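Chain identifiers are assigned alphabetically (A, B, ...) following the order of the sequence lines, protein sequences preceding nucleic acid strands; residue numbering begins at 1 within each chain. From a predicted model like this one, the values you see are computed outputs, not experimental measurements.
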There are 2 protein chains.
Amino acid sequence: MKKRVKLEDIAKVVGISKMAASLAMRGEGSISEETVRKVKEVASELGYVPNHMAKSLANGKTNTLALLVSAPFHDDYQNQIIHGAVPYAMSRGYTIFVGPMASPSLESSYIEKYKNNMVDGFLAFHSLVSANYRKLKAEGVPFVLYTKYFRDLDCDYVVCDDELGGYMMTKHLLDLGHRRIGFVYGAKLKRSSEVLDRIKGYRRALNERGLDDGERSIVPFHLHYHVKQMNSENILSDNREFVAWLTAADRPTALFVANDITASSVYIALKKLGLRIPEDVSVGGYEGVYLSSVLDPPLTTVETSIQQIGEKACQILIDKIEGKIQESAPVQLRIEPRLLVRESTAPIR
Amino acid sequence: MKKRVKLEDIAKVVGISKMAASLAMRGEGSISEETVRKVKEVASELGYVPNHMAKSLANGKTNTLALLVSAPFHDDYQNQIIHGAVPYAMSRGYTIFVGPMASPSLESSYIEKYKNNMVDGFLAFHSLVSANYRKLKAEGVPFVLYTKYFRDLDCDYVVCDDELGGYMMTKHLLDLGHRRIGFVYGAKLKRSSEVLDRIKGYRRALNERGLDDGERSIVPFHLHYHVKQMNSENILSDNREFVAWLTAADRPTALFVANDITASSVYIALKKLGLRIPEDVSVGGYEGVYLSSVLDPPLTTVETSIQQIGEKACQILIDKIEGKIQESAPVQLRIEPRLLVRESTAPIR
DNA sequence: ACCGGTAAATTTACCGGTAAAGTAAATACG
DNA sequence: CGTATTTACTTTACCGGTAAATTTACCGGT
């Protein structure tokens, strides 16, 4: 195995100092066109590849970001974030570490990596605890949250306009004639900003028609991520509140489920209860992931451009890192969602 | 912002040379217990965090791996690989770059990163071209393939025992009395090792009953990844061969679909054709991703422990990098799958 | 008192870049 | 024509570690 080619080798061939070669390669400083040409020629002849570690060590910048993703995730939400962020980052010369937060402690340990000089900043799908990020902010470490933000911490984020999305879906159901519209959320996501905002939009729409009854029509749902065998009895016994409500005389005629994957579980539960979608109950979802399109019937949902969220978040992060965004006020973006009407919602009978 | 603490700072406090501090921190060389204790104490007091870049530059090892994942992927297959690999890697002191192969050219450009001294090795879900990996092998760069391997390149890999899986599913369908069993694969995956092996198992099972009719019952299926609106007319018009076959007099009574996500599209097509699952056609899938459990009816599938594949592949890669595996013969692992019988397959009527 | 051996460090050099300051020759300016 | 400014580099020092060679001190044995 022949030794790696380094700047010095090029310099020697061209007959200049390694510093001149360095400048020539980067097109900085004042180096004659002639020399630049020669250096680049020799570099490609010798197959020169810059040593990233040396570069990073020298200028204290790694051109690397950490992308913290949620776990477990069984739809393609996080995939799409990755697909939005990574290629964009590449196009700007950055690589991305992906950190699935299999356990809460992992989140902190990823964040520790920053301290090792491994990354220049974070893209984060945060867990409930804001402490980690409060610390990052205090230390001036660049980070951008995606999909959900902290209500008690002012920082950069890119999210879907969930309040609007919540409003749109509820409006859609109201327009179909539904009056008893339930809101169902995955029990574990209880108080995430995205759920809270969707609820806000939901209640605003109800309010406009004087139908808001507070928290009463908002119920949690325990979903089964690891349904390997279809022992779907569990799905009913684990959701007594939900079942009681759906079998009551004044059961809701429509359900707005906080996200598609939860909706997929709700579908199973409704079918178990003998309720047809949409004849007996209309169901609306949120996210617009692939999953929603293969459910039977195809799920009406609020589609958010997930890839765009990933890309935008990445863009903001890099801009901040490179000082292209100066204002001290945080960048807070809300991407407008789109109502995607399919076959799981129908006029009330 | 106060300056980072470095080894020299610790050394100065303890009153030794920075080299001694370095050795003490790593527990190498011969440093007195007393000194080691003191160094570690001071280190934690001062909040010392080693500089990863400096370390890497000095010893030519980055403790970083690249994980190349496929794209687009709309189920949780790649997620599970990530979840298998990343935490395991962390536990051995490695971090992982994730590279979605949004375009074929990206694959090469990720591989180039190795040359920048950015990673010690690769975990790869390869595209069809073996050239890249042939080159890696020639250069002695460690890499482990997962899920699919090259038939024309002898290297390390961890895959599902797809021949066995194919056999198991086909046997299951035969045992249910089916005699005309079609094999359906995603048109784009045509000749990947995993599909070929599943076909091999499928044909072996058929052969045992003298039912193998060669390639005739093996048809491609064009699936719709981006079904945003449910214009599922396309799904039929894009799959004329499939439709013709399923509407013929001697249509298959069972379909073995090469993977769950394709099966989800096949479901839609079958429903469009007015064929009930499993009453009219039994359908079997492969992979056992979450998606398969929320389809209606829940899909009978061949479950492979995807996370385990990710973890194993990572383990082998790290072992190779660290020289814990010496034999020159490649490590080639086949993880045994499990038949997961749900409701999409039933005895022939 | 002399020797080899070893524990506990230290010194030197290097990994492969970059920033900052310095220099020599060419060009511009009043 | 002499000085200021550019242009095109070079030199020096440093980023924060590590490997390898070297030093120092102490030990028991003869």
Side-chain angles (χ1 to χ4, degrees), chain A residues 1-40 42-43 46-64 93 113-118 120 322-323, chain B residues 1-40 42-43 46-64 93 113-118 120:
Chain A
M1 196 168 340
K2 49 189 179 208
K3 264 190 68 183
R4 294 179 56 88
V5 180
K6 46 185 179 174
L7 278 178
E8 214 165 353
D9 302 325
I10 298 177
K12 220 171 285 173
V13 174
V14 179
I16 52 175
S17 71
K18 75 170 183 180
M19 193 63 225
S22 168
L23 292 170
M25 284 305 289
R26 286 177 292 153
E28 282 177 22
S30 54
I31 304 289
S32 73
E33 274 185 36
E34 175 63 9
T35 308
V36 170
R37 203 187 46 66
K38 268 196 268 176
V39 166
K40 293 204 166 161
V42 173
L46 297 174
Y48 169 72
V49 199
N51 183 315
H52 181 255
M53 295 301 153
K55 222 170 193 157
S56 296
L57 178 58
N59 59 22
K61 226 204 129 213
T62 61
N63 273 253
T64 299
K113 301 244 163 216
Y114 178 81
K115 307 244 169 81
N116 291 36
N117 275 359
M118 294 183 72
D120 295 335
E322 297 185 347
Chain B
M1 197 165 342
K2 49 187 178 210
K3 264 190 69 182
R4 294 177 55 87
V5 180
K6 48 184 178 173
L7 278 178
E8 214 165 352
D9 302 326
I10 298 177
K12 218 170 286 174
V13 174
V14 179
I16 53 176
S17 69
K18 76 170 180 177
M19 193 64 227
S22 168
L23 293 170
M25 284 306 288
R26 288 178 290 153
E28 281 176 25
S30 55
I31 303 290
S32 73
E33 274 185 38
E34 175 60 12
T35 310
V36 170
R37 204 188 45 68
K38 266 196 270 177
V39 167
K40 294 203 166 161
V42 173
L46 268 52
Y48 169 73
V49 200
N51 183 317
H52 181 255
M53 297 299 154
K55 223 171 192 154
S56 297
L57 178 58
N59 59 21
K61 226 205 130 212
T62 62
N63 274 255
T64 299
K113 301 246 162 214
Y114 178 82
K115 308 246 169 78
N116 291 37
N117 275 359
M118 293 183 74
D120 295 335

Against the side chain of A/Ala58, the closest entry in C/dG16, D/dT18, D/dT10 is C/dG16
When rounded to the nearest 0.5 Å, the distance separating OG of B/Ser22 from CD1 of B/Ile31 is 9.0 Å
Which nucleotide, C/dA9, D/dA19, D/dT10, lies nearest any side-chain atom of B/Arg26? D/dA19
Rounding to 0.5 Å, atoms CG (B/Asp120) and OG1 (B/Thr64) come to a distance of 6.5 Å
Closest to the B/Glu28 side chain: D/dG17, D/dA19, D/dA8? D/dA19
Polar pair under 3.5 Å, donor/acceptor by atom type, side chain A/Lys6, base C/dG17: no
Is the closest side-chain heavy-atom distance between B/Leu57 and B/Met53 below 4.5 Å? no
Should B/Met118 and B/Thr62 be marked as a side chain to side chain contact (heavy atoms under 4.5 Å, CB included) after you check the CA-CA gap, both sets of side-chain angles, and the distance that decides it? CA-CA 6 Å; B/Met118 293 183 74; B/Thr62 62; 5.7 Å; no
Kindly say if B/Thr35 contacts the phosphate of C/dA9, meaning a side-chain N or O under 4.0 Å from OP1 or OP2. yes
If you measure from CE on A/Met19 to CG on A/Leu7, what distance do you get to the nearest 0.5 Å? 9.0 Å
Ignoring hydrogens and angles, answer whether the base of D/dG16 and the side-chain atoms of B/Lys55 contain a donor-acceptor pair closer than 3.5 Å. no
Check for a donor-acceptor pair, side chain of A/Asn117 on one end and backbone N or O of B/His52 on the other, with a separation under 3.5 Å. no
Beyond-backbone contact of A/Met25 with A/Pro50, side-chain heavy atoms, under 4.5 angstrom: no
Assign each of B/Ala21 and A/Asn51 to its nearest nucleotide of DNA chain C by heavy atoms, then name whichever residue's nucleotide is nearer the 5' end. B/Ala21
Just checking B/Leu57: base, sugar-phosphate only, or nothing, at a heavy-atom cut-off of under 4.0 Å? base
OP1, OP2 of C/dG17 versus side-chain N and O of A/Arg4: anything below 4.0 Å? no
C/dG17 phosphate, OP1 or OP2: any side-chain N/O from A/Ser56 under 4.0 angstrom? no
Which listed nucleotide (C/dG17, D/dC9, D/dG17) is nearest to the side chain of B/Tyr48? D/dG17
Under 4.0 Å between a side-chain N or O of A/Ser17 and OP1 or OP2 of D/dC9? no
Phosphate OP1/OP2 of C/dA7 contacted by B/Ser30 side-chain N/O (<4.0 Å): no
Give the stems involving DNA chain D, where a stem is 3 or more consecutive Watson-Crick or G-U wobble pairs (i with j, i+1 with j-1, and so on) under 3.5 Å. C:1-30 with D:1-30
Between B/Ala20 and A/Asn59, name the one whose nearest nucleotide on DNA chain C is closer to the 5' end. B/Ala20
From C-beta outward on B/Met19, which listed nucleotide comes closest to its side chain: D/dA20, D/dG17, D/dC9? D/dA20
Check this one for me: any side-chain N or O of A/Ser22 less than 4.0 Å away from OP1 or OP2 of C/dT18? yes
